[in-house]
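Down below is the structure, laid out as structure tokens.
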Amino acid sequence: MLGTQTTAVTQAGAGPEWLQYVAAFAPLSALLAAVIAGWIAWRTLAQRREADRRDQWWQRTQWAIGLAMDPDFSRAVVGLIALKHLAGSDLCTAEDYEMLDKIGGAKIDALTLSEESAERRRLPGQPGHGGPVRDEPRPGGARQVPSARADLIPVDLKSRGERVFAGSPEMAKALEEADRLVSFAAARRSG
């Protein structure tokens, strides 16, 4: 009787060869499945973390844009400085640089155009007469500040290659910061 049982076990264990290999590698395949599942979970967590960082960056950027476009020069300067700082982040994409470039340019335009239109509405000699104006070319290529505008503060806009004149130190600072933002975003976008 003992011999019969041994033959039955030997025949049962002798099944197809591939089944023996599968049985031998079952623990390894379970480990491989666990490693793959762990990698997928880690990758999902990393993507979620990156999306959360990007969302926080965008919220800060929206806050800074609101400040940058504020008519109060001191608030606008804070917003423009914050935007330049945010532009230095690794989260900033090429489209973001383009947007920040346009925002800085819009701020420059808003400051110069609003003051120029206000300048046209004021009569010479009135209090408050004076705002940003562009250099007026002289014969021979030299530029000169009109004599009535001697109290204005010159601001060189490197991003535009021109000089404008601000009616106050606060406005000059806002123009400088907007120009820095435009220059920085353009440099980062181009390479």
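The residues of the chain are indexed from 1 along the displayed sequence. Bear in mind that the values here come from a model prediction, so they are computed numbers and not experimental data.
- Distance check: Gln56 CD to Thr61 OG1 gives 10.5 Å after rounding to the nearest 0.5 Å.
- Looking at Glu50 and Arg54, no side-chain N of the basic residue comes within less than 4.0 Å of a carboxylate O on the acidic one, giving no salt bridge.
- Closest approach of Lys107 and Asp70 over heavy atoms only: NZ-O, 3.1 Å.
- When side chains are defined from C-beta on, Trp63 counts as touching Leu67, because their heavy atoms get closer than 4.5 Å.
- Note: the hydrophobic cluster containing Leu181 does not contain Val77 (ILVMFWY, side chain heavy atoms under 4.5 Å, direct or indirect links).
- Judged by distance alone, the side chain of Arg160 and the main-chain N or O of Asp179 form no donor-acceptor pair under 3.5 Å.
- Separation of atoms CG (Asp101) and CD (Glu98) is listed at 7.5 Å; rounding is to 0.5 Å.
- Residues Ala68 and Ala76 approach most closely at O-CB, 3.5 Å, considering heavy atoms.
- If you take NZ on Lys158 and CZ on Arg163, they are separated by 10.0 Å, rounding to the nearest 0.5 Å.
- Hydrophobic clustering (ILVMFWY, side-chain heavy atoms < 4.5 Å, transitive): Leu113 and Leu80 are in distinct clusters.
- Hydrophobic cluster membership is shared by Trp57 and Leu83, with clusters built from Ile, Leu, Val, Met, Phe, Trp and Tyr side chains linked at under 4.5 angstrom.
- Nearest approach of Phe184 to Gly88, heavy atoms of both residues: CE2-N, 3.7 Å.
- The nearest pair of heavy atoms linking Phe73 to Leu111 is CE2-CD2, 3.3 Å.
- Residues Asp90 and Arg53 meet the side-chain proximity criterion, which asks for heavy atoms closer than 4.5 Å.
- When all heavy atoms of Cys92 and Leu86 are compared, the closest pair comes out as CB-O, 4.2 Å.
- A salt bridge is absent between Arg188 and Asp96: the closest approach of a Lys/Arg side-chain nitrogen to an acidic carboxylate oxygen does not fall below 4.0 angstrom.
- With a 4.5 Å cut-off on side-chain heavy atoms, Leu175 and Met171 count as touching.
- The minimum heavy-atom distance between Ser183 and Ser159, with the atom names listed, is OG-CB, 3.6 Å.
- Under the 4.5 Å side-chain heavy-atom criterion for grouping Ile, Leu, Val, Met, Phe, Trp and Tyr, Val35 is not connected to Ile40 through any hydrophobic cluster.
- In this structure, the side chains of Met69 and Ile103 come closer than 4.5 Å at one or more pairs of heavy atoms.
- Shown are Val78, Val182, Ile81, Ile108; of these, the side-chain contact (heavy atoms from CB on, under 4.5 Å) with Glu177 is made only by Ile81.
- In the model, Asp55 has a side-chain atom that pairs as donor or acceptor with a side-chain atom of Gln59 under 3.5 Å.
- In this structure, Ile153 and Pro169 have side chains that are in contact, with non-hydrogen atoms separated by less than 4.5 Å.
- Note that CZ of Arg60 is 8.0 Å distant from OG of Ser89, once rounded to the nearest 0.5 Å.
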